[in-house]
Amino acid sequence: MYDMKALYQAKSVKDAVALRLAHPEAQIIAGGSDVLVQMREGKRAGAEFISIQTLDEIRGVFLDADGTLRIGALTSFSHITRDPLIQKYINVLGEAVDQVGGPQIRNIGTIGGNTCNGVTSADSASTLHAWEAIVELTGPNGVRRQPIQDFYIKAGKVDLREGEIQTAILIPKESYRNFFGHYIKYAMRNAMDIATLGTSVNVRLSADKKTVERARVAFGVAGPVPLRAETAEKLAAGQPVSLELAERFAQAVKEDINPRDSWRAAKDFRLHIAVESAKRAFIESVKLAGGDL
């Protein structure tokens, strides 16, 4: 049923890096929610694998000394959704990953696997982009940190270099402090479906809650990789909170996205969804931040 050449069990992050160097063709396996399905379909027949599933050193959610929110690469979706730090500082990420597959998938699927797959439809991807996440990678030359928008190279490909494994997703304090956000997944079904479009928005309001100090918006499936709509972000900065601003913000996202036609949805339909979901997510984010619309 599972045709593999070899399975190596990493005992530590250092050991995983050594195994990656010794077996450059071997593929990393963690939760296995994607890999095992592909193996059963015969798509990875004869492959070598390096299992990192037992590496508790890269599992869990923590606050670093400088206030950075650290999410270990092996942290499961269900763990993220329930974690008190996530709920306190970036609850929208928990809400986003709670829409991945079904309960079984969320219990074994990991944030590291979701991002290292490089697919634009990943439910975590747009929110991580909107919250300016940093990917931590550990390899033979030590630790390398890279903004998530640079980690995604093209559809299905990320900047994972020789001997490296992803060890964490980092959210800097300045990226989550006083920000409130909302994620909208549009899919053909309410559960167990891949996103036709994913939209994540967050805002920081002024002390009197009347002005948008900063807004961020990111999309999945609006291009070959997850992306930010910076034209809309710049338009909203420093503007008074209003429904008219929400409309202009939403229309501006069309300047930066380029969804494609596919059997799931036509390009024009995805553009329509992007505008409407950006507007709704912006309004909800403002309300969560204490604004009045």
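These numbers were taken from a predicted model, which means no experiment stands behind them.
- The main-chain N or O of Gly238 is never found under 3.5 Å from a side-chain atom of Glu213 such that the two would form a donor-acceptor pair.
- Under the 4.5 Å side-chain criterion, counting only non-hydrogen atoms from C-beta, Thr211 is not in contact with Val241.
- Remark: Arg216 qualifies as a cation-pi partner of Phe179 under the 6.0 Å distance and 45° angle criteria applied to the six-membered ring.
- The line from CG of Asn91 to CD1 of Ile86 is 9.0 Å long, rounded to the nearest 0.5 Å.
- Between Arg248 and Glu244 there is a salt bridge, since a side-chain N of the basic residue sits under 4.0 Å from a carboxylate O of the acidic one.
- Residues Phe282 and Leu235 share a single hydrophobic cluster, defined by chaining ILVMFWY side chains whose heavy atoms lie under 4.5 Å apart.
- The two atoms that bring Ile194 and Ala187 nearest to each other are O-CB, 3.7 Å, heavy atoms only.
- A 4.5 Å side-chain heavy-atom check between Thr167 and Leu137 finds every atom pair outside the cut-off.
- Counting only distance, with no hydrogens or angles, the side chain of Arg106 and the backbone of Gly101 share a donor-acceptor pair below 3.5 Å.
- A salt bridge links Arg70 with Glu136: at least one charged nitrogen is closer than 4.0 Å to a carboxylate oxygen.
- A continuous path of ILVMFWY side-chain contacts below 4.5 Å connects Val225 to Leu160, so both sit in one hydrophobic cluster.
- Arg144 is listed as a side-chain neighbour of Arg161, based on a closest heavy-atom distance under 4.5 Å.
- Taken from CG in Leu19 to CD in Glu48, the straight-line distance is 10.5 Å, to the nearest 0.5 Å.
- Shown here for Ala236 and Ala215, the closest heavy-atom pair between the two residues is CB-CB, 3.9 Å.
- Contact between Ala232 and Val217 at its shortest, heavy atoms only, is CB-CG1, 4.2 Å.
- A donor-acceptor pair under 3.5 Å is formed between the side chain of Thr75 and the backbone N or O of Gly60.
- With hydrogens and angles disregarded, a donor-acceptor distance shorter than 3.5 Å links the side chain of Ser285 to the backbone of Val201.
- At distances below 3.5 Å, not a single donor-acceptor pair connects side-chain atoms of Gln166 with backbone N or O atoms of Ala73.
- Salt-bridge check for Lys11 with Glu57: failed, with every basic side-chain N at 4.0 Å or more from each acidic carboxylate O.
- In this structure, the side chain of Lys185 engages the main chain of Gln99 through a donor-acceptor pair within 3.5 Å.
- A salt bridge is absent between Lys154 and Asp159: the closest approach of a Lys/Arg side-chain nitrogen to an acidic carboxylate oxygen does not fall below 4.0 angstrom.
- The CG atom of Leu69 sits 10.0 Å away from atom CH2 of Trp131, with the distance rounded to the nearest 0.5 Å.
- At a threshold of 4.5 Å between side-chain heavy atoms, the hydrophobic network of Ile, Leu, Val, Met, Phe, Trp and Tyr places Leu74 and Ile134 in two separate groups.
- At distances below 3.5 Å, not a single donor-acceptor pair connects side-chain atoms of Asn117 with backbone N or O atoms of Val119.
- Leu55 is not connected to Val61 by any chain of hydrophobic side-chain contacts under 4.5 Å among Ile, Leu, Val, Met, Phe, Trp and Tyr, and they are in different clusters.
- Under the 4.5 Å side-chain criterion, counting only non-hydrogen atoms from C-beta, Leu227 is not in contact with Gln149.
- Each of Ile169, Ile171, Ile71 was evaluated against Leu93; a single residue qualifies, Ile71, per the side chain to side chain contact (heavy atoms under 4.5 Å, CB included) test.
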* Start with the C-alpha distance between Asn178 and Arg204, add both sets of side-chain angles, then the distance that settles side chain to side chain donor-acceptor pair (under 3.5 Å), and finish with yes or no. => CA-CA 6 Å; Asn178 297 324; Arg204 185 181 66 208; over 6 Å; no
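- Between the side chain of Asp123 and the main chain of Asp98, no donor-acceptor pair closer than 3.5 Å is present.
- Side chains of Val286 and Leu205 form a contact here, defined as non-hydrogen atoms less than 4.5 Å apart.
- In the displayed structure, Asp56 atom CG is contacted under 6.0 Å by more than 12 heavy atoms of other residues, nucleotides or ligands.
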* To do: In sequence, state the C-alpha distance, the side-chain angles, and the governing distance for Ser126 and Ser200, and then conclude on side chain to side chain donor-acceptor pair (under 3.5 Å).
  => CA-CA 6 Å; Ser126 55; Ser200 192; 4.9 Å; no
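- In terms of heavy-atom proximity, Ala246 sits nearest to Ile283 at CB-CG1, 3.8 Å.
- Separation of atoms CD1 (Ile50) and CD (Glu25) is listed at 11.0 Å; rounding is to 0.5 Å.
- For Thr81 (side chain) and Phe77 (main-chain N/O), a donor-acceptor pair under 3.5 Å exists by modelled atom type.
- Side-chain contact between Val221 and Arg270: present, with at least one pair of heavy atoms (C-beta onward) separated by less than 4.5 Å.
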* To do: Kindly indicate, with the supporting measurements, whether the criterion side-chain contact (heavy atoms from CB on, under 4.5 Å) is fulfilled by Arg145 and Leu170.
  => CA-CA 9 Å; Arg145 292 176 177 174; Leu170 309 174; 3.5 Å; yes
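- With sequence neighbours excluded, no residue forms a ring pair (Phe, Tyr, Trp, His ring centres under 6.0 Å) with Phe151.
- Separating the OG atom in Ser78 from the CG atom in Asn107 is a distance of 4.0 Å, to the nearest 0.5 Å.
- Here the side chain of Ser121 pairs no donor or acceptor atom with the backbone of Ala195 at under 3.5 angstrom.
- Screening residues 76-96 for salt bridge (Lys or Arg N to Asp or Glu O under 4.0 Å), with sequence neighbours left out, gives no hits.
- For Lys157, the NZ atom sits in a loose shell: 12 or fewer heavy atoms of surrounding residues, nucleotides or ligands are nearer than 6.0 Å.
- Side-chain atoms of Arg228 and Glu132, non-hydrogen and from C-beta on, do get closer than 4.5 Å to each other.
- Side-chain contact check for Glu255 and Thr231: no donor-acceptor pair (N or O, by modelled atom type) lies under 3.5 Å.
- At most 12 non-hydrogen atoms from other residues, nucleotides or ligands lie less than 6.0 angstrom from CD of Glu162.
- In this structure, CD in Gln53 is found 12.0 Å from CD1 in Ile28, a value given to the nearest 0.5 Å.
- Nearest heavy-atom pair, Ser277 versus Thr199, reported as atom, atom and distance to 0.1 Å: OG-OG1, 2.7 Å.
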* Asked: Going through the checks in order, is the ring pair (Phe, Tyr, Trp, His ring centres under 6.0 Å) test met by Phe269 and Tyr186?
  -> CA-CA 11 Å; Phe269 183 57; Tyr186 184 93; 5.7 Å; yes
* Going through the distances and angles, do His129 and Phe219 end up as a ring pair (Phe, Tyr, Trp, His ring centres under 6.0 Å)? -> CA-CA 8 Å; His129 276 68; Phe219 293 94; over 10 Å; no
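- In plain terms, the two heavy atoms of Ala229 and Asp256 that are nearest each other are C-OD2, 3.5 Å.
- There is a path of hydrophobic side-chain contacts, each under 4.5 Å, that joins Ile148 to Val100.
- A salt bridge is absent between Glu164 and Arg20: the closest approach of a Lys/Arg side-chain nitrogen to an acidic carboxylate oxygen does not fall below 4.0 angstrom.
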